[in-house]
Number of protein chains: 4
Amino acid sequence: MRDAVREESRAAYREAILAAAERTFGRLGFHDAKMADIAAEAGVAAGTVYNYFKNKDEVFASILQRGQERVLAIQDGHAEVADPLERTRLRLRDTFAFLEEHGVLFGMFVRLGGFTDFLQKRAVEDQCDRSYMEGVNRTQAMIREAVSCGQLRVDIAVEDLAAMLMGLCDATIFSWSRAGCPPGLPAKADTIVELFLRGAHAP
Amino acid sequence: MRDAVREESRAAYREAILAAAERTFGRLGFHDAKMADIAAEAGVAAGTVYNYFKNKDEVFASILQRGQERVLAIQDGHAEVADPLERTRLRLRDTFAFLEEHGVLFGMFVRLGGFTDFLQKRAVEDQCDRSYMEGVNRTQAMIREAVSCGQLRVDIAVEDLAAMLMGLCDATIFSWSRAGCPPGLPAKADTIVELFLRGAHAP
Amino acid sequence: MRDAVREESRAAYREAILAAAERTFGRLGFHDAKMADIAAEAGVAAGTVYNYFKNKDEVFASILQRGQERVLAIQDGHAEVADPLERTRLRLRDTFAFLEEHGVLFGMFVRLGGFTDFLQKRAVEDQCDRSYMEGVNRTQAMIREAVSCGQLRVDIAVEDLAAMLMGLCDATIFSWSRAGCPPGLPAKADTIVELFLRGAHAP
Amino acid sequence: MRDAVREESRAAYREAILAAAERTFGRLGFHDAKMADIAAEAGVAAGTVYNYFKNKDEVFASILQRGQERVLAIQDGHAEVADPLERTRLRLRDTFAFLEEHGVLFGMFVRLGGFTDFLQKRAVEDQCDRSYMEGVNRTQAMIREAVSCGQLRVDIAVEDLAAMLMGLCDATIFSWSRAGCPPGLPAKADTIVELFLRGAHAP
DNA sequence: TATGAATGAGTGTTCATTCAT
DNA sequence: CATGAATGAACACTCATTCAT
């Protein structure tokens, strides 16, 4: 009983800190976001953060992991749709809807964390790598499935096709973010799939 | 005369420091690259760097600017080719060849610097923005030209098409970098343009 | 009745914490032994320690006091032996046996705490001082008694003789500790007294 | 030329910091002496200390080493005296004179560092150990020499005799320090040797 | 009264920048 | 100007202590 309350309280604190860290990292970047900022944003004392996370890197890695898990959960949906490309389109819509709702930065970390210099930190590199590779693997699997269905051309390597599709998604998120995150991101999923399939050539 | 020599000497120092900074930032990232590292790499004393650049941010911004200028110069080539898409393909090849020769990181900073936390630094943000926007503008102009030539479909916004094309480039550079920068990047230019134009659909 | 039980319980807790603190301080030293370590060693929560001791310094001082009391109690023994030096020898044996049984570190704190930097802490200084001075006083009293019995030379100040005897004891404990606390410490009592009395000169 | 000046300046800074650290550690103990205190005592900025020493432990170890070297140099004196015990007495006088002149704490660290909790720090442990063992070895060698000269009794182990002699010295320094470092320490060297040789027994 | 999480002052250390030579 | 050492503000992290439950 007592333990249950404790447990719940701990979970609430942890979540509050993670959410605060997500906002703070998003606003200031990894290095400029101080632990004190995160704690203040979460409404706790600086030391409290260390009751839940070993250090700054672990806070960051935990955000990544949480984001990855959420996004992957979303991308497990629509499993009943047989057509791999149509399934991908639906999943993309859901993912974009999620991003639009939860703020870009979070999504960028999850999917685009790639180039930032916190990647240099060994501690988070693994987390990022795993997150990234999971996305690559899923996309490549989908592409392979679509190829074997005869839906996609075979004269371009599966790896390249997957990279291209992911690149289209990234670019869409990126320019949407640059534009100030206007409503309507989910609709871009259709554009991406359409462009990926038919190309930009005039008919 | 004396002044000319002095001027030359200053330029040589400046260039040596920039080149050293480029390697160092590329290797370590913005925050982990210390001014002392850069100075050592350049073979000068730490204080000397401050005779040529106001501060660390300015060193970084100068690298970006230099990179942008080089890349834009490359992308001014092939002006004699009338077909906008073919012109784009050739410029892409040249740009990729340049990247392959000069190290990715540099190219990433130039083109993809987007999400890293040094972007949060006001001092470099403008530089990055200008660099990025210049690329966007050129691409959009090219797309518009191709649309007006009847080469591209009109049912997708020019902005989206441009974002998509840049996304394909980014993705290509990114996955090439992940793969350890194997030779053969320029050839990918063809794949990008082909995929952008025809799409991935099986014929 | 209820109070008696409660009182007993308090005493048991207090003793458990002191014993745990003794082991922990002995193993890690004053600064590196954290209150959490002590609490964990005692099997209680961190806060509980503060129900029995005002702060860390008081825990430490209490160990010293407890140790002093135990050692002094031991050194109250053999009161029936008239010969002061023989009495000293017997008490030394008993003290050494106690040390061998209870771990050196504890004994060092009690007797030798002298040079460690927790002595700088005002809070424990008094305790240490009292402990130390009590030992000095007793030794000097014994020396005086032996001098007045005509057992000891009079051309060396009583204070010096006492310091020397205590120094021999310390050195013995110290080198025994360095050697890894091998069994046989009590037997050294004889060597000390013999050397103190006759000197090292060849006969 | 320029380098020579530089070198001299560096040596002066290093020495000033070491001297300041010696005073500060002596006054406050290892843990309570803050790097800022040491820097302030030396009249430099906090960061400057780190231009000369890797960290706090290294500052401390350097003091030990410097002290050891000085004391050992002193104890190399009087090599021309054939009688080992007389030689020891002279060296003891010189050492005590040095201690009286330079402050006890320094001497204690050098000779007695033994039980303090900075010994727990691996980084300084070696230094302390070496310092201590050097003293032990020299003393044992001297004892052996004296034994082979027929000057000392053979019924007590050389190790024990050496420990005893060192214990007498420690005790003398210790109680002298307790007494507030009154002038006259060197004269105690005679008392020590006399007591060590002849014992405390009334004639 | 036991608990164990929250607190926040305190500190070793780093490093961009300055400046005397 | 080049140099390289001095500077000191900044910050992640620790842990003795407090306090709500």
For this session: Please work out whether the ring planes of D:Phe25 and D:Phe60 are parallel, tilted or perpendicular, with thresholds of 30° and 60°.
Result: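 D:Phe25 vs D:Phe60 ring planes: perpendicular.
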Exercise. Which distance, rounded to the nearest 0.5 Å, do you find between the CG of A:Asp32 and the NE2 of B:His31?
Worked result: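 It comes to 5.0 Å.
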For this session: Map D:Lys56 and B:Thr48 onto DNA chain E by nearest heavy atom, then report which one ends up closer to the 5' terminus.
Result: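 Taking each residue's closest nucleotide, the earlier one in sequence belongs to D:Lys56.
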For this session: Take B:Gly47 and D:Met35, find for each the nucleotide of DNA chain E with the closest heavy atom, and name the residue whose nucleotide sits nearer the 5' end.
Result: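 It is D:Met35 whose nearest nucleotide is closer to the 5' end.
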Exercise. Which is true for B:Tyr13 with a 4.0 Å heavy-atom rule: it touches a base, it touches only sugar-phosphate, or it touches nothing?
Worked result: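 Since only primed, P, OP1 and OP2 atoms lie under 4.0 Å of B:Tyr13, the category is sugar-phosphate.
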Problem set entry | Contact nearer the 5' end of DNA chain F, comparing B:Ser9 with A:Asn55 |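 Counting from the 5' end, the first nearest nucleotide belongs to B:Ser9.
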Exercise. When the nearest nucleotide of DNA chain F is assigned to C:Lys34 and to B:Ala45 on a heavy-atom basis, which residue is associated with the more 5' position?
Worked result: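 It is B:Ala45 whose nearest nucleotide is closer to the 5' end.
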Looking at [X], does any N or O in its side chain come under 4.0 Å of the phosphate oxygens OP1/OP2 on [N]?
X       : N     : answer
C:Tyr52 : E:dA2 : yes
A:Arg6  : E:dT3 : no
C:Asn51 : E:dT1 : no
B:Arg10 : F:dC1 : yes

For this session: Look through every strand shown and name the nucleotide pairing with F:dA12 as Watson-Crick or G-U wobble, where both distances are under 3.5 Å.
Result: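 Pairing partner, where one exists within any strand: E:dT11.
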Exercise. For F:dT3, which nucleotide is its Watson-Crick or G-U wobble mate, given both distances must be under 3.5 Å?
Worked result: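 Its partner is E:dA20.
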Take atom [atom1] of [X] and atom [atom2] of [N], then tell me their distance rounded to the nearest Å.
X       : N      : atom1 : atom2 : result
B:Lys54 : E:dA16 : NZ    : C1'   : 14 Å
D:His31 : F:dA16 : NE2   : C1'   : 14 Å
C:Tyr50 : F:dA16 : OH    : P     : 6 Å

For this session: Check the pair B:Glu41, B:Arg27 against salt bridge (Lys or Arg N to Asp or Glu O under 4.0 Å), reporting the backbone distance first and the verdict last.
Result: CA-CA 12 Å; B:Glu41 175 85 22; B:Arg27 186 153 36 85; 3.3 Å; yes
For this session: Give a yes/no verdict on a cation-pi contact between C:Lys56 and C:Phe30, requiring under 6.0 Å between NZ or CZ and the six-membered ring centre and an angle within 45° of the axis.
Result: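 Satisfied, under 6.0 Å and within 45°.
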